[in-house]
Visitor: 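Sharing a structure, written as structure tokens. Questions coming.
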Amino acid sequence: MEQDVISARREKLDKLRELGFRPFGHRFPRTHTCQEVHASFDQLQGPPAAVPQVALAGRIMALRSHGKAGFFDLVDQTGKLQVYVRQDRVDPQTFEAFSLSDLGDIVGVRGVVFRTRTGEDTLEAQTFEVLAKALRPLPEKWHGLRDVDTRYRQRYLDLIANPEVRRVFDVRSEATRVMREFLHGEGFTEVETPVFGSLAGGANARPFVTHHNAQDMTVYLRIATELHLKRLVVGGFEKVFEIGRIFRNEGISTRHNPEFTMLELYQAYADYTDMMDITERLISHTATAVLGSPRITYQGTSVDLTPPWPRLSMVEALRRHTGLGLEDLGDDAQACEVGRARGLDIPPHATRGMVLDKLVGEFVEPHLVGPVFLVDYPLELSPLAKRKPDNPEFVERFEAFVCGGEVANAFSELNDPDDQRQRFLDQLAEKAKGNEEAHVMDDDYVNALEHGLPPTGGLGIGLDRLFMLLTDSPCIRDVILFPLLRPLKE
RNA sequence: GGGCCAUUAGCUCAACUGGUAGAGCAUCCGACUCUUAAUCGGACGGUUUAGGGUUCGAGUCCCUGAUGGCCCA
């Protein structure tokens, strides 16, 4: 059946060529977009002799033929405009070409605007040409394209059939622009650091591994931009940021895609409290810029992102949500028992800090409607963060939560090279115990610290998750144009 | 990786406890010079995700695979 449609359209293609048209056209200068015609309709109208000619192009999204005349809806990036074609107002080949039109064809029209009896702004065509003949049929016009698999595999069809999808990606683009401008306004310099490296560090994650043929060497795709950006702070970039693609070799879920976009920024002579300040200002500013208000609604929950956001220590948060205090966790072995008693899957050699993190992840984080900063994390979970001066088992670190999800992670950067080397060694021990996500040793980075990293605050924001919040999307794939999918098998 | 669910015409969806696979849109033919989910008349369209099994009979029940979704790890 689909083949019948395609062959019927190919026959029309041949007929268009016989009529002297080029069904895959060239440059078509437009004078207006659909939106501009609607906006300036009154100026475009006037005494019959002086009515200006306009030229528009777009896709035919509805077709209403009436024998010796017809209407169609022309859709471009800005919206829709109805076009009217009359046999007695165009030359015969043009009307013939119009009668060979199909839904989905890309066409260019020139003519004058008028308003129909029913009050719709309409272009009466004087010329009509096909700029790209559509050989395949579009999805159904009322219900759009629903099949999730097809929506992701053929995102262009999703974008044509479901206008709200386009809006999501417009918001994404605009929010990215706003954040860049905000950071430039704060004096940050944007840089690009390598995707490939001979090791992948800066986060707890498994990397993708590939091979460079010419150098015959194993290369890893980055799992964070952190270690390169801090090298730049050593080199004198005092406010630096990168918006970049990150790759983590882990499962796919509504909140995980193997490649995703992260904003990381570093500010010399600052600490994690400065990062809280910039986080709440950046996010509320971005929401206001793209949504018109710092108040967002995500999956039915309304949240006001106006600063300041409350700050709650991780330990205090656990106490409020479970009644458990740090003293109840005891030593590592006791903590594991407490965690297991609460139904958590605790690995054999877990420490008290790891159990604390698991408990908070299970019983606290999902309930943090926020916005809220959860502050002061256990040392062993944060091998790149600076210890708290008054409590060396914890570090100056926070995660920001909105609607039960983490939107930012930041800390005062560890700048003591000896402490950093020891933390890497501890991570290697973790890896030896079977934790595949533990950090690797990065001697070159420690070497950089030995040249002096100023006290620095660092921040990471997972932009896809932020865009999910801003567009009220329940699934990360809804904010990624081409999410990773398995290939279709024959 | 585990559990549950889904997959029917190009698209969106029906089909009761196993009993002749349907509709709307799209497509094709015809009518129609202000329609807009255009309308009216007619026609075409299916290896029911793939393979196997049970049965007189399978879209429906069972097994295996594919792809996707949700939940969990």
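Heavy atoms only: backbone and side chains are in, while hydrogens, waters and symmetry mates are out. Note on naming: letters A, B, ... go to the chains in the order of the sequence lines (proteins, then strands), and numbering restarts at 1 for each one.
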Visitor: Looking at every strand, decide which applies to Arg89(A) at a 4.0 Å heavy-atom threshold: base, sugar-phosphate, or nothing.
Guide: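 Contact class for Arg89(A): none.
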Visitor: In whole Å, what separates the C1' atom of rC72(B) from that of rG53(B)?
Guide: 32 Å
Visitor: Does any N or O donor sit under 3.5 Å from an N or O acceptor when you compare the side chain of Arg486(A) with the base of rU67(B)?
Guide: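 For Arg486(A), whose side chain was compared with the base of rU67(B), there is no donor-acceptor pair (under 3.5 Å).
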Visitor: With a 4.0 Å limit, can you tell me whether Arg64(A) has a side-chain N or O closer than that to the phosphate oxygens OP1/OP2 of rA38(B)?
Guide: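 It does, given that an N or O in the side chain of Arg64(A) lies less than 4.0 Å from OP1 or OP2 of rA38(B).
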Visitor: I'd like to know whether CD of Gln35(A) has more than 12 heavy-atom contacts from other residues, nucleotides or ligands below 6.0 angstrom.
Guide: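 Result for CD/Gln35(A): open.
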Visitor: Please report the distance, rounded to the nearest Å, between CG in Asn257(A) and C1' in rG69(B).
Guide: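 Checked: the CG to C1' distance equals 15 Å.
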Visitor: Tabulate atom names and distances for all N/O pairs under 3.5 angstrom spanning the protein and nucleotides 21-23 of chain B.
Guide:
none

Visitor: For Thr254(A), which contact category applies under a 4.0 Å heavy-atom criterion: base, sugar-phosphate, or nothing?
Guide: sugar-phosphate
Visitor: Should the heavy atoms of other residues, nucleotides or ligands under 6.0 Å from CD of Gln77(A) be counted, would the total exceed 12?
Guide: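 For Gln77(A), atom CD is not crowded (no more than 12 foreign heavy atoms under 6.0 Å).
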Visitor: Taking atom P of rG1(B) as reference, at what distance in whole Å does atom CG of Asn249(A) sit?
Guide: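 Taking atom P of rG1(B) as the reference, CG of Asn249(A) is at 12 Å.
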Visitor: Do other residues, nucleotides or ligands put more than 12 heavy atoms under 6.0 Å from the CZ atom of Arg340(A)?
Guide: yes
Visitor: Atom CD of Glu124(A) and atom P of rU35(B): how far apart are they, to the nearest Å?
Guide: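 Between P of rU35(B) and CD of Glu124(A): 15 Å.
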Visitor: What do the steps show when you test Arg206(A) against Glu437(A) for side-chain contact (heavy atoms from CB on, under 4.5 Å), and what is the final call?
Guide: CA-CA 5 Å; Arg206(A) 295 174 63 182; Glu437(A) 295 190 351; 4.2 Å; yes
Visitor: Output yes when at least one side-chain N/O atom of Thr122(A) is less than 4.0 Å from OP1 or OP2 of rU35(B), else no.
Guide: no
Visitor: Would you please test Met441(A) and Leu425(A) for side-chain contact (heavy atoms from CB on, under 4.5 Å) and show each step?
Guide: CA-CA 7 Å; Met441(A) 173 61 75; Leu425(A) 290 172; 3.6 Å; yes
Visitor: Just checking Gly144(A): base, sugar-phosphate only, or nothing, at a heavy-atom cut-off of under 4.0 Å?
Guide: sugar-phosphate
Visitor: Is it the case that atom CZ in Phe196(A) sees more than 12 heavy atoms from other parts of the structure closer than 6.0 Å?
Guide: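 Result for CZ/Phe196(A): open.
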Visitor: With heavy atoms under 4.0 Å as the rule, sort Asp73(A) into base, sugar-phosphate or nothing.
Guide: nothing
Visitor: Check every strand shown and say whether Lys141(A) touches a base, only sugar-phosphate, or nothing at a heavy-atom separation below 4.0 Å.
Guide: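 Sugar-phosphate, backbone atoms only, no base.
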Visitor: Distance under 6.0 Å and angle within 45° of the ring axis: does Arg311(A) meet both against Phe398(A)?
Guide: no
Visitor: One pair to check against side-chain contact (heavy atoms from CB on, under 4.5 Å): Leu74(A) and Leu56(A). What are the steps and the verdict?
Guide: CA-CA 8 Å; Leu74(A) 182 83; Leu56(A) 284 92; 3.7 Å; yes
Visitor: Name the orientation class of the two ring planes belonging to Phe128(A) and Phe98(A) (parallel below 30°, tilted from 30 to 60°, perpendicular beyond 60°).
Guide: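 Rings of Phe128(A) and Phe98(A): perpendicular, over 60°.
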Visitor: Please report, rounded to the nearest Å, how far the C1' atom of rU27(B) is from the CG atom of Leu138(A).
Guide: 13 Å
Visitor: For Ile6(A) and rG45(B), give me the distance from atom CD1 to atom P, rounded to whole Å.
Guide: 17 Å
Visitor: So for Glu120(A) and rU35(B), does any side-chain atom that can act as donor or acceptor lie under 3.5 Å from a complementary atom in the base?
Guide: no
Visitor: Rounding to an integer number of Å, can you tell me how far Ile60(A) CD1 sits from rA37(B) C1'?
Guide: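 Whole-Å distance recorded here is 18 Å.
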Visitor: Kindly express the pairing pattern of RNA chain B in dot-bracket notation, using | wherever a base pairs with another strand and counting only Watson-Crick or G-U pairs under 3.5 Å.
Guide: (((((((..((((.....[..)))).(((((.......))))).....(((((..]....)))))))))))).
Visitor: Could you check Arg477(A) against Val148(A) for side-chain contact (heavy atoms from CB on, under 4.5 Å), going step by step and ending with a plain yes or no?
Guide: CA-CA 10 Å; Arg477(A) 290 178 157 194; Val148(A) 210; over 6 Å; no
Visitor: Select base, sugar-phosphate, or nothing to describe what Lys12(A) touches, counting heavy atoms under 4.0 Å on all strands.
Guide: sugar-phosphate
Visitor: Classify the side chain of Asp149(A) versus the base of rU7(B) as yes if they form a donor-acceptor pair under 3.5 Å and no if they do not.
Guide: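 Looking at the base of rU7(B), it does not pair with any donor or acceptor on the side chain of Asp149(A) (distance under 3.5 Å).
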